[in-house]
> 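Have a look at this one.
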There are 2 protein chains.
Amino acid sequence: MIQDIAAFLKEKDISPSVQRVKIFDYLYKNHTHPTVDDIYQALYPEIQTLSKTTVYNTLRLFIDKKIATMITIDESETRYDADVVFHGHFKCRECEKIYDFDIDRSAIDLNTIPFFQIEEKHFYLKGICQECNKKK
Amino acid sequence: MIQDIAAFLKEKDISPSVQRVKIFDYLYKNHTHPTVDDIYQALYPEIQTLSKTTVYNTLRLFIDKKIATMITIDESETRYDADVVFHGHFKCRECEKIYDFDIDRSAIDLNTIPFFQIEEKHFYLKGICQECNKKK
DNA sequence: GTATCTGCAAAACATTTGCAATTCT
DNA sequence: AGAATTGCAAATGTTTTGCAGATAC
């Protein structure tokens with residue numbers, strides 16, 4: 001649990017500008033896997049001068065510094081996550097929400113995949129979530 | 001192993017136009033996870049009147065009919081695969097190639113993920129492949 | 001001859017780039 | 001002042017859409 005976001009960014013060699021702190025704060029506290037536009041819309045009321053370019057720049061920086069990851073579960077828009085520990089994502093095709101779920105480390109045995117140096121792992125599911133299933 | 005692609009498409013309720021047969025043939029025989037542009041470039045010499053719109057339309061149809069899947073491992077371009085049996089993908093960040101690998105059905109236990117009706121599963125890895133690793 | 005399928009041209013988006021203005025130290 | 005950061009405007013690239021012409025049954 002990160003207490004002081006500005007201090008956390010400094011530790012990671014990122015100078016904590018207002019924009020960067022607010023963007024990381026938003027990502028870290030809302031586990032909604034937002035798009036660039038989601039982040040922009042959410043923060044615009046607070047930072048009226050914010051531009052999407054800055055959101056793009058900042059997210060790229062976070063990914064470089066390994067404090068955020070890209071989620072390519074969507075074809076059209078990239079989504080972002082401040083949770084860098086490997087976990088699965090489930091996207092409901094009805095409500096479009098993306099849920100997280102834990103993956104038991106023993107459940108995926110990567111030793112059966114030889115010859116590669118693995119740097120990233122992504123596991124995505126798509127379907128209908130329990131809530132949407134009930135409604136029908 | 002599909003022998004007659006036109007007949008296969010008919011079985012799936014797809015009228016086998018020249019374009020559709022060639023696009024499926026290409027996808028089925030080249031396991032390269034091509035982009036729309038890859039497919040277009042590959043088939044243009046054979047079908048000089050081909051348009052990218054047709055490639056887009058056709059791939060959407062194949063996905064509807066569940067004879068192809070979308071691979072969203074890339075942020076910028078969507079890739080396609082005629083292999084609809086669940087398997088993993090590995091993308092090398094050096095040579096950009098995408099490799100397939102089998103996943104032992106017992107290696108991923110989806111019973112530990114409750115409450116969802118799962119329709120699609122995707123497992124992607126990124127890193128450096130053996131070939132590129134050797135070169136350095 | 002009517003449905004379907006194709007493909008051009010334009011539109012619609014998401015993302016990147018160049019650069020000038022702003023901010024921070 | 002000097003370096004880093006921000007943000008506007010334009011460019012780029014992928015995908016979608018509208019529609020007219022071509023093709024198939």
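Reckoned from all heavy atoms, side chains included, excluding hydrogens, waters and symmetry mates. Letters go in sequence order (proteins before strands), and every chain restarts at 1.
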> Could you measure the distance from the CD1 atom of B/Ile98 to the CD1 atom of B/Ile73? Nearest 0.5 Å is fine.
5.0 Å
> Among all residues two or more places apart in sequence or in another chain, which pass the side chain to side chain donor-acceptor pair (under 3.5 Å) test with B/Glu120?
B/His122
> Mind checking what makes side chain to side chain donor-acceptor pair (under 3.5 Å) contact with B/Glu96, not counting sequence neighbours?
none
> Ignoring hydrogens and geometry beyond distance, is a side-chain donor-acceptor pair present between A/Asp100 and A/His89 at under 3.5 Å?
yes
> Taking CG from A/Leu9 and C1' from D/dA4, how many angstroms apart are they, rounded to a whole number?
15 Å
> In whole angstrom, give the distance that lies between atom CG of B/Leu59 and atom P of C/dC5.
15 Å
> Report, as a single string ordered 5' to 3', how protein heavy atoms within less than 4.0 Å touch nucleotides 14-20 of chain C: B base, S sugar-phosphate only, - not at all.
SBBB---
> Does any pair with a residue in residues 4-28 of chain B pass salt bridge (Lys or Arg N to Asp or Glu O under 4.0 Å), and if so which ones, sequence neighbours excluded?
B/Lys22-B/Glu46, B/Asp25-B/Lys29
> Kindly write out the residues that satisfy side chain to side chain donor-acceptor pair (under 3.5 Å) with A/Lys97, not counting sequence neighbours, or none if the list is empty.
none
> In Å and rounded to the nearest 0.5 Å, what is the CZ to CZ distance from A/Phe101 to A/Phe123?
5.5 Å
> If the condition is side chain to side chain contact (heavy atoms under 4.5 Å, CB included), which residues does B/Gln48 pass it with, not counting sequence neighbours?
B/Tyr44
> Note down the inter-axis angle between the two ends of the helix from C/dT4-D/dA22 to C/dT25-D/dA1, five pairs each, to the nearest 10°.
20°
> Tell me, which pairs form a salt bridge (Lys or Arg N to Asp or Glu O under 4.0 Å) where one or both residues lie in residues 67-78 of chain B, sequence neighbours left out?
B/Asp74-B/Arg79, B/Asp74-B/Lys91, B/Glu75-B/Lys126
> Without decimals, in angstroms, what is the distance between B/Ile63 CD1 and D/dT15 P?
11 Å
> Just verifying a value: how many Å separate B/Leu9 CG and B/Ile67 CD1, rounded to the nearest 0.5 Å?
5.0 Å
> For A/Tyr80, which residues count as a ring pair (Phe, Tyr, Trp, His ring centres under 6.0 Å) partner, sequence neighbours excluded?
none
> Among residues 11-22 of chain B, which ones have heavy-atom contacts with DNA chain D below 4.0 Å?
none
> Which residues in residues 42-51 of chain B have a heavy atom closer than 4.0 Å to any atom of DNA chain C?
B/Thr49, B/Leu50, B/Ser51
> Provide the full list of side-chain hydrogen bond (donor to acceptor under 3.5 Å, both in side chains) pairs with a residue in residues 54-70 of chain B, sequence neighbours left out, each pair given once.
B/Ser51-B/Thr54
> At what distance, to the nearest 0.5 angstrom, does CD of B/Glu119 lie from SG of A/Cys92?
8.5 Å
